[in-house]
Number of protein chains: 2
Amino acid sequence: MNARPPINPVPVNPVAAARTSLAAPALYEQVAERLRTRIYAHELAPGAWIDEQSLADEFGISRTPLREALKVLAAEGLVVLKPRRGCYVAALAERDLDEIFPVLALLEGRVAEEATRRLAGLEAGVGRLASADFSRLEEIHADLERHAAAHDIDRFFAANQEFHSALQELAGNRWLSQLIDDTRKFLKLTRRDSLRLDGRLKQSLAEHRAILAAMKKQDAAAAALHMHNHILSGRAALAKLLVQP
Amino acid sequence: MNARPPINPVPVNPVAAARTSLAAPALYEQVAERLRTRIYAHELAPGAWIDEQSLADEFGISRTPLREALKVLAAEGLVVLKPRRGCYVAALAERDLDEIFPVLALLEGRVAEEATRRLAGLEAGVGRLASADFSRLEEIHADLERHAAAHDIDRFFAANQEFHSALQELAGNRWLSQLIDDTRKFLKLTRRDSLRLDGRLKQSLAEHRAILAAMKKQDAAAAALHMHNHILSGRAALAKLLVQP
DNA sequence: TCGAATAATACTGTATCCATAATTATGAAT
DNA sequence: ATTCATAATTATGGATACAGTATTATTCGA
């Protein structure tokens, strides 16, 4: 018993280790990813029952890895496992949105704050590094302006994600990023996109500009506040979208 | 195919649904819970390899539900799954603590803020309800004082958890609570307990008093700040504990 | 004709089995 | 003696098979 001793003797950082696997991801992980995609695309709609057997057939795999994938998704909160009843796609209520967005605003605000501080620290210490990072943000923002002008919502959406990601990276707190990513996952369940609201693109741009301006002035508190409001403003747009989709 | 249609037609709230299961929890869930206990107790130490077969034998189950449980724990971050290499208990580095605590401070601070606001709102609206909630907090705090006087660290620890839980409940944001719980799970990996530091009990009490006082004055911002500092102060104590354990 | 009890169905949950890949041990060659 | 290659060991990953239970359909009685 216990014939193969632990090879890797020590520290396993849970966050970093996720990307340690250079090898092909396990089947259950691939399946989980496919399922996420389907859920986000609403091919598997919120509240829908997930038929293990037919999905396994469709994927050409057995139920075992599929079930493992479902366990993972359940732990993430994307699906709900009811004992002896099966697996259902999670559904967000309006109340959930009201609770999620303030939390997200808090977290993203902190990211902006930390990023600004980091930027200021780097500028003082390392010199050129900071301006490189900041100009990257400005580049992304320029893309946003372009896509907004072209009314290309999809690209705007992508660039927007990039903007927030870059900011998270700058902030440099992996745990903070993790929580934000976890939280944003849920929002993808709604698929309703506040950017589709008339005038939201322009408004979003203005908010981004405010954030960038605050960062440029190295005013971390202001950056946090603007980001905070930016997220809540997204919630407000979503609410409007609900009554007149 | 798809013979049994989805019975439960619609909204499945991921958070609330977790406790919907009146039925006995699935085996994999029980196993996951046992594993969590072992991990927290350091019977399965950070970095240790998890031998599926021997654990399954020990639990008297097959590997299947055990593996499902491990997938869940991996999604939670308590263990790390390396493809074809097996499963290892996660380990936190000092740097992780430095990143986690500020985030936790942020979240807990928000809880204090929301709870205070809620309290004020209830007082205006419902009347007696608020004072009942607040006196419950004061009761728990009284317990804390007692246990501290008796140098009963274990009970103090328990009451402390209760205090924070009660506050979370008062704040009434399930998503916020969820994130906090998720985050605190990791801290249990360290098992190092800042309360064991000399003088920390008294300090912790003082900080709690400050929080309660701010709440009583319905000063939400102050409550948030005191809570924020309280958490960071816990981190500082932990750091001291590291050099002289 | 409608309701209740019972039988049939099929899905979930668990166990067993097999294939594959990784690691260690063994042996040969430098 | 040390290092590299090869083979044996064994644990992981996946598939299949089976048992138990919830749901649905059917049948019997009122």
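Lettering follows sequence order; numbering is per chain, from 1.
Contact annotation: side chain of A:Arg84 to base of D:dT21, donor-acceptor pair absent below 3.5 Å.
Put simply, CG on B:Asp51 is 6 Å from P on D:dT12, counting in whole angstrom units. Distance, A:Tyr88 OH to D:dA22 C1': 11 Å, rounded to whole Å. Distance B:Leu55 CG to D:dT12 C1': 15 Å, rounded to the nearest Å. The CZ-P distance, from A:Arg85 to C:dG13, rounds to 11 Å in whole Å. B:Lys82 places its NZ atom 16 Å from the C1' atom of D:dA11, with the value rounded to the nearest Å. At whole-Å resolution of the value, CH2 in B:Trp49 and P in C:dT23 are 12 Å apart.
A:Glu169 has no carboxylate O lying under 4.0 Å from a charged side-chain N of A:Arg118, or vice versa, which leaves the two without a salt bridge. We find that A:Asp96 and B:Arg174 are joined by a salt bridge, their nearest charged nitrogen and carboxylate oxygen being less than 4.0 Å apart. A salt bridge links B:Arg117 and B:Glu113; the closest N-O separation between the charged side-chain nitrogens and carboxylate oxygens is under 4.0 Å. Using a cutoff of 4.0 Å between basic side-chain nitrogens and carboxylate oxygens, A:Glu68 and A:Lys71 are not scored as salt-bridged.
Of the possible polar contacts, none joining the B:Asp193 side chain to the B:Arg196 backbone as a donor-acceptor pair under 3.5 Å is found.
Using a 30° and 60° split on the angle between ring planes, A:Phe186 and B:Trp175 fall in the perpendicular class, above 60°.
Contact annotation for B:Ile50: backbone-only contact, meaning every heavy-atom pair under 4.0 Å involves sugar-phosphate atoms and none involves a base. Residue contacts shown for A:Gln53 are absent, as no nucleic acid heavy atom lies under 4.0 Å away.
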Could you go over nucleotides 14-18 of chain D and give all protein N or O partners under 3.5 Å, atom names and distances?
residue: D:dG14; atom: OP1; partner: A:Leu27; partner atom: N; Å: 2.9
residue: D:dG14; atom: N7; partner: B:Arg67; partner atom: NH1; Å: 3.0
residue: D:dA15; atom: OP2; partner: A:Ser62; partner atom: N; Å: 2.8
residue: D:dA15; atom: OP2; partner: A:Ser62; partner atom: OG; Å: 2.7
residue: D:dA15; atom: N7; partner: A:Thr64; partner atom: OG1; Å: 3.0
residue: D:dT16; atom: O4; partner: A:Thr64; partner atom: OG1; Å: 3.3

